[in-house]
Protein chains: 2
Amino acid sequence: MPEKPELDFPRPLTTVDVVIFAIRSDALQVLLVQRPRAEGEPFPGSWALPGGFVDIAGDRDLEACAARKLKDKTGVVSPYLEQLGSWGSATRDPRGWSATHAYFALLPEHAAGGALAADAQWFAVEGEKVRPKLAFDHAEILHAAVQRLRSKVEYTSLPAYLMPPEFTLPELQRTYEIVLDRALEKSAFRTRMLAADLIEPVARMRKGPNRPAQLYRLKRAKAPVFFARTFNPPG
Amino acid sequence: MPEKPELDFPRPLTTVDVVIFAIRSDALQVLLVQRPRAEGEPFPGSWALPGGFVDIAGDRDLEACAARKLKDKTGVVSPYLEQLGSWGSATRDPRGWSATHAYFALLPEHAAGGALAADAQWFAVEGEKVRPKLAFDHAEILHAAVQRLRSKVEYTSLPAYLMPPEFTLPELQRTYEIVLDRALEKSAFRTRMLAADLIEPVARMRKGPNRPAQLYRLKRAKAPVFFARTFNPPG
DNA sequence: CATACTTAGTTGTACAGTCCAACTATATTA
DNA sequence: TAATATAGTTGGACTGTACAACTAAGTATG
């Protein structure tokens with residue numbers, strides 16, 4: 001019973017990892033970084049989630065640490081960032097008992113192409129996995145992140161944070177469909193999206209191979225909107 | 001950029017805290033412990049969430065650590081236990097940069113009366129707070145736990161884990177109402193509960209000041225069931 | 001012992017939102 | 001000018017909730 005803590009109580013290694021999602025090339029993608037090959041590094045050369053040790057001198061708190069790591073790898077300053085959970089055990093890092101605080105971030109496509117770090121690269125999410133074998137327990141964390149994303153997409157407006165500043169309703173629906181990997185009903189989608197009061201029409205229209213499409217933008221900044229019902233699969 | 005970690009990288013203090021809920025005396029209550037008054041202890045005598053340092057020698061992982069702390073304070077071995085999130089910053093603990101992994105647990109009333117630790121005591125949750133001023137940032141963690149509980153109750157079967165092994169539908173509804181702090185519609189509640197396929201009738205009936213009430217029990221072990229819709233407030 | 005009361009559980013109607021398919025409208029392309 | 005593709009609308013079928021009225025059965029009261 002460590003109810004009499006000492007400051008010398010052995011401390012786990014503490015890291016923060018960020019699962020960064022974006023829609024690129026009509027697919028859900030996640031940003032991975034390649035582990036350094038320096039001596040003493042675990043999983044040299046493996047792909048891993050962006051992250052690393054908490055800097056107790058520089059990081060004010062966990063979220064600031066996650067935002068810093070995100071900015072280091074992508075240049076993006078303030079996307080949607082949500083805490084995912086934490087993973088800690090004696091065995092997940094060969095260097096000893098370690099705990100990571102995992103976050104997940106959503107980037108709009110236009111922001112995802114920017115100032116990528118040299119060791120970073122986008123990978124398509126296939127099912128709930130990614131092609132390369134990931135370092136540490138990062139496959140498990142990614143799995144949880146995809147599940148959380150998919151589950152929240154069912155009843156919130158989260159995918160709106162994957163969109164550019166202005167977008168059409170069909171574009172938004174396509175984003176939902178990519179994340180859910182499932183077709184959605186056009187008119188029900190429209191009704192619910194407008195009822196959710198999250199997006200508002202802007203004056204301009206987008207011209208395409210069809211009639212002019214109304215452009216929308218996000219109304220609020222950060223709060224995902226909850227729907228009354230989940231999306232039921234058509235058919 | 002701590003991409004070249006050293007094992008000597010300064011580590012935050014790492015703790016696990018557990019928000020333990022139960023329905024007692026027809027109210028939502030939470031278990032708190034009184035901080036020791038020993039020298040060097042922060043917040044001496046204050047009430048706090050049960051928790052403490054991770055024992056990297058004894059704890060296999062974070063959840064095992066949370067379960068251990070829960071058992072220490074309540075004697076209960078395997079109730080519903082879910083990760084809530086983590087809180088870490090330079091300022092939340094006067095001893096230095098610290099991060100806590102917070103869990104929340106649901107105890108059935110009959111288990112909540114058991115082998116309480118000497119320093120532990122139940123407090124009613126009023127609104128999203130508790131009467132005494134809590135140590136550290138535990139008021140914020142409690143707030144998050146109550147919100148998570150209330151929000152999940154809207155669309156899952158979580159409150160079933162606050163029930164004794166066998167219970168009637170009206171008793172289950174009362175538990176929902178206590179957690180939500182709102183009256184629910186009898187027939188809609190019944191329909192949804194039965195449709196959720198989470199509980200099953202047992203042969204026996206409970207006699208009361210009314211007609212015999214059908215007893216039910218949980219069907220599955222740990223998975224909360226999601227409802228298609230939230231409970232809409234009557235009126 | 002009869003009656004009133006209380007609560008468990010059912011029934012039926014109104015209503016809201018989704019599913020689905022068919023329809024209209026308009027820009028692009030041939 | 002006509003065919004085509006996509007944006008967006010409309011209306012009927014269906015599902016599940018809200019709400020209130022109802023039935024049933026045990027308890028309390030005189």
Side-chain angles (χ1 to χ4, degrees), chain A residues 26 153-157 163-164 166-178 180 182-217 225-235, chain B residues 26 153-157 159-160 163-164 166-178 180 182-217 225-235:
Chain A
D26 246 42
V153 165
E154 288 281 355
Y155 58 94
T156 77
S157 58
M163 305 303 293
E166 297 187 347
F167 49 86
T168 66
L169 267 180
E171 286 166 354
L172 182 59
Q173 180 173 351
R174 228 161 291 136
T175 298
Y176 270 83
E177 291 173 340
I178 289 169
L180 284 175
R182 193 175 83 213
L184 298 177
E185 195 43 45
K186 181 166 54 168
S187 63
F189 182 84
R190 181 185 187 76
T191 306
R192 287 176 52 173
M193 263 303 150
L194 297 181
D197 196 39
L198 171 90
I199 59 178
E200 60 186 355
V202 299
R204 296 188 297 116
M205 304 281 239
R206 172 170 302 164
K207 308 217 170 183
N210 40 27
R211 98 178 187 187
Q214 178 62 56
L215 286 175
Y216 294 86
R217 65 163 168 247
V225 168
F226 281 69
F227 298 128
R229 305 193 52 167
T230 59
F231 288 105
N232 291 327
Chain B
D26 245 41
V153 164
E154 288 282 354
Y155 57 96
T156 76
S157 58
M163 305 302 293
E166 297 187 347
F167 49 86
T168 67
L169 267 181
E171 286 165 355
L172 182 59
Q173 181 174 350
R174 229 162 291 137
T175 298
Y176 270 82
E177 290 174 339
I178 289 169
L180 285 174
R182 194 175 84 214
L184 297 177
E185 193 46 45
K186 181 167 56 168
S187 64
F189 182 84
R190 181 186 186 77
T191 306
R192 286 177 53 175
M193 262 306 149
L194 297 180
D197 197 39
L198 170 92
I199 58 177
E200 61 185 355
V202 299
R204 295 187 299 115
M205 305 281 239
R206 171 169 305 164
K207 309 216 171 184
N210 39 27
R211 97 176 188 189
Q214 177 62 56
L215 286 174
Y216 293 85
R217 63 162 170 248
V225 168
F226 281 70
F227 299 128
R229 306 192 53 167
T230 58
F231 287 105
N232 290 329

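Order of the sequence lines fixes the chain letters, A, B, ..., with proteins taken first and strands second; residue numbering starts at 1 for each chain.
- Atom CD in A:E171 sits roughly 15 Å away from atom C1' in D:dG8 (whole-Å rounding).
- Across B:L172 and B:A160, no two heavy atoms sit closer than the pair CD1-CA, 4.1 Å.
- The interatomic distance linking A:L184 (CG) with C:dG17 (C1') rounds to 16 Å, in whole Å.
- Picking from D:dA7, D:dT17, C:dC19 the nucleotide with the shortest atom distance to the side chain of B:T191 gives D:dT17.
- Nearest to the side chain of A:L169, among D:dG8, C:dA8, D:dA7, sits D:dG8.
- For the helix from C:dC1-D:dG30 to C:dA30-D:dT1, the angle separating the two terminal helix axes comes to 0°, with each axis derived from five pairs and the value rounded to 10°.
- Here the P atom of nucleotide C:dT7 and the CD atom of B:Q173 are 13 Å apart, to the nearest Å.
- With sequence neighbours left out, the side-chain contact (heavy atoms from CB on, under 4.5 Å) criterion links B:E171 to B:M163, B:F167, B:T168, B:R174, B:R206.
- No side-chain heavy atom of B:Y216 sits under 4.5 Å from any side-chain heavy atom of B:V202.
- If you take CD of B:E185 and C1' of C:dT13, they are 14 Å apart, rounded to a whole angstrom.
- A search for salt bridge (charged side-chain N to carboxylate O under 4.0 Å, His left out) contacts involving A:R190 returns nothing, not counting sequence neighbours.
- Distance from the side chain of B:A213 is smallest to C:dG9 among D:dC19, C:dG9, D:dG26.
- For the residue pair A:L169 and A:F189, the shortest heavy atom distance occurs at O-CE2, 4.0 Å.
- In plain terms, the two heavy atoms of A:L184 and A:Q173 that are nearest each other are O-NE2, 3.0 Å.
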N/O to N/O distances under 3.5 Å, protein versus nucleotides 10-12 of chain C:
{"residue": "C:dT10", "atom": "OP2", "partner": "B:R190", "partner atom": "NE", "Å": "2.3"}
{"residue": "C:dT10", "atom": "OP2", "partner": "B:R190", "partner atom": "NH2", "Å": "2.8"}

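- The side-chain hydrogen bond (donor to acceptor under 3.5 Å, both in side chains) check on B:E200 picks up B:R217, with sequence neighbours excluded.
- In this structure, the CZ atom of A:R182 is 13 Å from the C1' atom of C:dT18, given to the nearest Å.
- In this structure, the CG atom of A:L172 is 15 Å from the C1' atom of D:dA7, given to the nearest Å.
- Of the inter-residue distances, the one linking B:E185 atom CD with B:T191 atom OG1 reads 10.0 Å to the nearest 0.5 angstrom.
- As a whole-Å value, the separation of A:M193 CE from C:dG17 P is 16 Å.
- Comment: B:E177 does not engage B:R182 in a salt bridge, judged by the lack of any side-chain N to carboxylate O separation of less than 4.0 angstrom.
- As rounded to whole Å, 21 Å separates atom P of C:dT7 from atom CZ of B:F167.
- Taking only side-chain atoms of A:Q214, from C-beta outward, the nucleotide of D:dG8, D:dT17, C:dG9 with the closest atom is D:dG8.
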